[in-house]
Amino acid sequence: MSKDKKKKKEEKRTYIGGQAVLEGVMMRGKKAYATAVRDPEGNIQVESRRLSPNKGLRILSKIPLVRGVVSFVSSLVTGSKILMRSAEVYGDTQQPSRFELWCEKKLHINVMSAVSFLATLLGILLAVGLFVALPMFLTNLLFPERLWYTVGYNLAQGGLRLVIFLLYIIVISAMRDIRRVFMYHGAEHKTITCFEKGMELTPENAKQCSRIHDRCGTTFLFLVMAVSIVVFSIVNWLLKDAFNGISNSVLQFLAQFGIKLLFLPLVAGVSYEVLKLLAKTQSKIFLPLKAPGFALQKLTTREPTDDMLEVAIAAFEKVRSMDADESVEETDFVVSKTVKKYTQELKELFRNNQIDESDAEWLVSVKSGVPRSELEQSDKMLLPSEVKEADAVAGERLSGKPLWYILGDTEFYGYTIKVDERVLIPRPETELLAEMAIKTAAQGDKVLDMCTGSGCIAIAVAKEAKEKQIAVTAADISEEALSLARENALSCGADIKFIQSDLFSKVKGKFNIIVCNPPYVRRGDIPSLQAEVREHEPLSALDGGEDGLDFYRRLAQEAPKHLVRGGTLLMECGINQAQEIVRLFSKFDYTMVARDYNDVERFVRAVL
C-alpha cells in the first residue's frame, strides 16, 4: 500500500465543530456540547450540556436547505449564551439589582437570559445593518437607478459587503480580547484537524496542524456573501418591474431591503449545503471555491499558545466522551463570586433544606477569612477554587454531617480546636463554663477538667490562667477522645496532664477546682435530636441516663473526695435540669445557678 493511501486510510472525519469564546473554546457534537475555559487561577474548567432538540427541530435539521437555517439560528443562540457564560468564569462582581430581583419574582423573568436574548438580537441587527443595509445604501449612491437591477450592481454590492466585512475584522482585531479569541479559534481548528489526521490529541501534535479548516464559520460567511450575489441578482431581475413601480426612492430602498431579508434564509440554506459539499472533498479541483474562505480564515484565526490548545482539547475530549457514552454526566463551571452573593445563595440553600442559616455564615466566614458580622457587606471575591472548596463543604453539610466535623476544627475561647466524630463539638455556651473556671482559679491551684472530650475547656484554662501557675489535669473515659485532646493541647501549646478514667476511678489527689460538662441528654430524647447530632456525635458524650442526671449523681457522691475544703465544682447542664442538680448537691456548703447567652439556667456552681 502506498504512503498516500495509507495516510488517507488513517485520516478520519469528525462531525464535531466548534466556536471560540472568551478565554476558551466550545465544541459541539451530535448529542452534546462542551465549553472549556481557563479561569483566573489558570485552571481549565469544562461546562457541558446534552443536546435535546424537540421533534420538530430534529425533522427540520434533516431537510436540505432548511437544515442550514436551523443550524445557523441554533448556533447563534447557543453561541451567545455560551459567550456570556464563559465571561462569568472571570467573576460575577455585580449583585442583582432591585429591578433584576423584581423581574425574577414578579414577572418570572431571568434577567441574564433576557440579556442573552437581547445580545443575540442586537448582534443580528448589527450584522444586517452592516452587511445588508450599508452595502445597499452605498451601491445605490454609486449606481444610477436604471442600473440597480443589473448583475454589475449586485457584484458591486457583494464586493462592498466583502470590503466592509474585511474592515470590520481588521478593526476588531485591534482589541486585545478579540485577538485572543482569534487565537482560540485557531486552537479549535488545530484540535479538530489533529483528530482528523489520526494523531494523538496533545498540544505538541495539534501545534503542527493547520489552523485552516473546511467547516469554519468564516468560510460559511464568505459563501453567504458569494451566494447572496447570485440569489439577489435573480430576485432583483425577477422583481425589477415591481420595484420600478415604486416612485418614492426611500420606499423603493425599503422594499429591496425587505426582499433581501426575506431571502436571507434561502441564502443561508444554500451556503450551508455548499459548505458541506466542499468539506467532503479534498480534490484540488474545488480549491478555487475554498480559497477565498481559507484566505479569510487567515484573518479570523491566529496561532494559539500551548495552553490554548490544552483548553480546546479538553472541550473536544469532553464532547467526544459524551457522544460515545450517554452515562457521562453534564458538568458546570465554578465561577468567581463575591462573599456577599455566595453567602446569600448558601443561606437560601440551607434554609430550603432545613439547615440552620448560621452554618452557611460560618462556612463562608471560615473559607473567606471575612468576619461573620461583615459577610453581608463584603465585596471580596472568592476565586473559583475557593467557591469549589466551599461548595464541597456545603454538599457534605447537606448530607447531614455537622459543619465542624467537615471543616475539621472549630474555635473555642480564641483557640483552634480540632474536632471529629471521636468528640462532641464544643458549643458556644461552654465558653462561659471555661470562663467561670478561669476567673475562679487562684495562684497555684490544681484544676481538673472531667469529661474533657476535645480538651477545649482544659486548654482554655491552662492558657488563660497560665500566669497563675496552675496545674491542669484532664480526664475522659474514651481513649480516642483523649488522643484528640492531646493533639489539641500540643497544637495550642497547653501544658496538661491527661488521664483515662471513668469519672474519678483512676484520678488521684485533690483539686481546688473541678470543671465538668458531662453527658446530660435524657435517653428518651436522643431519637428526637437533630440528625447531625444523633447520627454523628458520640453517643457516650450525650447519653445522661433515663432522666439525664446519672453523671450528676455520681459527681455528687465522688467529687467531695477529690476537692479540697472550700473547693469548687463547676458543671454545665441541660434545660430545666439546674434545680434538680442543686438538690443533688445539698451536702455542699452552697450552690449557685448561672444562665447562658439565651438566659437559660445552664451552669451550677457547688462549693464544698
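Keep in mind the model is a prediction, meaning the values are calculated, not measured. What's counted below: heavy atoms across the whole structure, side chains too, no hydrogens, waters or symmetry copies.
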Do Ser368 and Leu382 touch side chain to side chain, with heavy atoms closer than 4.5 Å?
yes
For Arg49 and Thr331, indicate whether the former's side chain and the latter's backbone hold a donor-acceptor pair under 3.5 Å.
yes
Within a radius of less than 6.0 Å around CG of Leu262, do more than 12 heavy atoms belonging to other residues, nucleotides or ligands occur?
yes
So does Gly29 get a backbone contact from the side chain of Asp323, meaning a donor-acceptor N/O pair under 3.5 Å?
no
Is any side-chain heavy atom of Lys388 less than 4.5 Å from a side-chain heavy atom of Gln45?
no
Distance-only donor-acceptor check, side chains Thr300 and Thr218, under 3.5 Å
yes
Side-chain heavy atoms of Ile229 within contact of Gln157, under 4.5 Å:
no
Working for side-chain contact (heavy atoms from CB on, under 4.5 Å), residues Leu223 and Tyr272:
CA-CA 8 Å; Leu223 290 173; Tyr272 181 81; over 6 Å; no
Give a yes or no on whether the backbone of Met322 and the side-chain of Arg50 come within a donor-acceptor separation of less than 3.5 Å.
yes
Show, in sequence, the C-alpha distance, side-chain angles and deciding distance for Leu296 and Leu221, and conclude whether the side-chain contact (heavy atoms from CB on, under 4.5 Å) test is met.
CA-CA 9 Å; Leu296 284 175; Leu221 291 177; over 6 Å; no
Side chains of Glu361 and Thr343: is there a donor and an acceptor less than 3.5 Å apart?
no
Taking side chain as C-beta onward, heavy atoms only, is Val181 less than 4.5 Å from Val21?
no
In Å, rounded to the nearest 0.5 Å, how long is the span from NZ of Lys276 to OG of Ser271?
14.0 Å
Let me confirm one number: the CG-CG distance from Asp359 to Leu363, rounded to the nearest 0.5 Å.
8.0 Å
Using 30° and 60° as the class limits, which term best fits the ring planes of Phe195 and Phe316: parallel, tilted or perpendicular?
tilted
Interatomic spacing from NZ in Lys367 to CG in Leu346 - rounded to 0.5 Å
12.5 Å
Rounded to the nearest 0.5 Å, how far does OH of Tyr33 lie from CZ of Arg28?
8.0 Å
Can a donor-acceptor pair be found, under 3.5 Å and without considering hydrogens, that links the side chain of Thr193 to the backbone of Lys190?
no
Ser48 side chain vs Glu330 backbone, donor-acceptor pair below 3.5 Å:
no
Carefully, step by step, assess Met199 and Cys209 under the rule side-chain contact (heavy atoms from CB on, under 4.5 Å).
CA-CA 10 Å; Met199 302 165 66; Cys209 298; 4.0 Å; yes
Under 3.5 Å, is there a donor-acceptor pair between the Thr14 and Glu196 side chains?
no
Could you walk me through whether Met136 and Gln256 satisfy the side-chain contact (heavy atoms from CB on, under 4.5 Å) test, starting with their C-alpha distance in whole Å, then the side-chain angles of each, then the deciding distance to 0.1 Å, before giving a yes or no?
CA-CA 9 Å; Met136 274 184 61; Gln256 286 182 313; 3.5 Å; yes
Treating Arg302 as the side-chain partner and Gly186 as the backbone partner, does any N or O pair qualify as donor plus acceptor under 3.5 Å?
no
Would you say Asp39's side chain and Gly42's backbone share a donor-acceptor pair under 3.5 angstrom?
yes
Side chain to side chain, Glu421 and Glu537, heavy atoms closer than 4.5 Å
no
Stepwise salt bridge (charged side-chain N to carboxylate O under 4.0 Å, His left out) test for Glu357 and Arg351:
CA-CA 6 Å; Glu357 290 181 23; Arg351 183 167 59 249; 2.7 Å; yes
Does Arg397 come within less than 4.0 Å of Glu532, counting only side-chain N to carboxylate O?
yes
Hey, mind stepping through Arg320 and Glu317 against salt bridge (charged side-chain N to carboxylate O under 4.0 Å, His left out) and telling me if it holds?
CA-CA 5 Å; Arg320 196 153 68 98; Glu317 293 285 28; 3.0 Å; yes
Give a yes or no on this: more than 12 heavy atoms of other residues, nucleotides or ligands lie within 6.0 Å of atom NZ of Lys380.
yes
Smallest heavy-atom separation, Arg215 atom then Gly17 atom, equals NH1-CA, 3.9 Å
Distance check, rounded to the nearest 0.5 Å: Leu289 atom CG versus Phe222 atom CZ?
8.5 Å
Is there a donor-acceptor pair closer than 3.5 Å between any side-chain N or O of Glu200 and the backbone N or O of Asn205?
no
Mind checking whether His189 and His213 have parallel, tilted or perpendicular rings, split at 30° and 60°?
tilted
What I'd like to find out is whether the side chain of Leu278 reaches to under 4.5 Å of the side chain of Asp214, using heavy atoms alone.
no
Contact check, side chains of Arg180 and Met308, non-hydrogen atoms, under 4.5 Å
yes
Which distance, rounded to the nearest 0.5 Å, do you find between the CD1 of Ile164 and the CG of Leu134?
4.0 Å
Six-ring centre of Tyr342, Lys337 cation under 6.0 angstrom, axis tolerance 45°:
no
Donor-acceptor contact present, side-chain Ser378 to main-chain Glu374, <3.5 Å:
no
Search all heavy atoms of Ile212 against all heavy atoms of Thr301 and return the closest pair with its distance.
CD1-OG1, 4.3 Å
Does Glu326 CD have over 12 foreign heavy atoms under 6.0 Å away?
no
Considering non-hydrogen atoms only, spot the tightest contact between Ser321 and Val328 and give its length.
O-CG2, 3.7 Å
Okay, side chain of Ser228, backbone of Met225: is any donor-acceptor separation there less than 3.5 Å?
yes
Quick one: do Phe263 and Phe232 satisfy ring pair (Phe, Tyr, Trp, His ring centres under 6.0 Å)? Show the steps, please.
CA-CA 8 Å; Phe263 279 88; Phe232 293 158; 7.6 Å; no
Is the closest side-chain heavy-atom distance between Val25 and Thr35 below 4.5 Å?
no
Looking only at non-hydrogen atoms, find the nearest pair between Pro203 and Glu310 and report the distance.
CG-CG, 3.5 Å
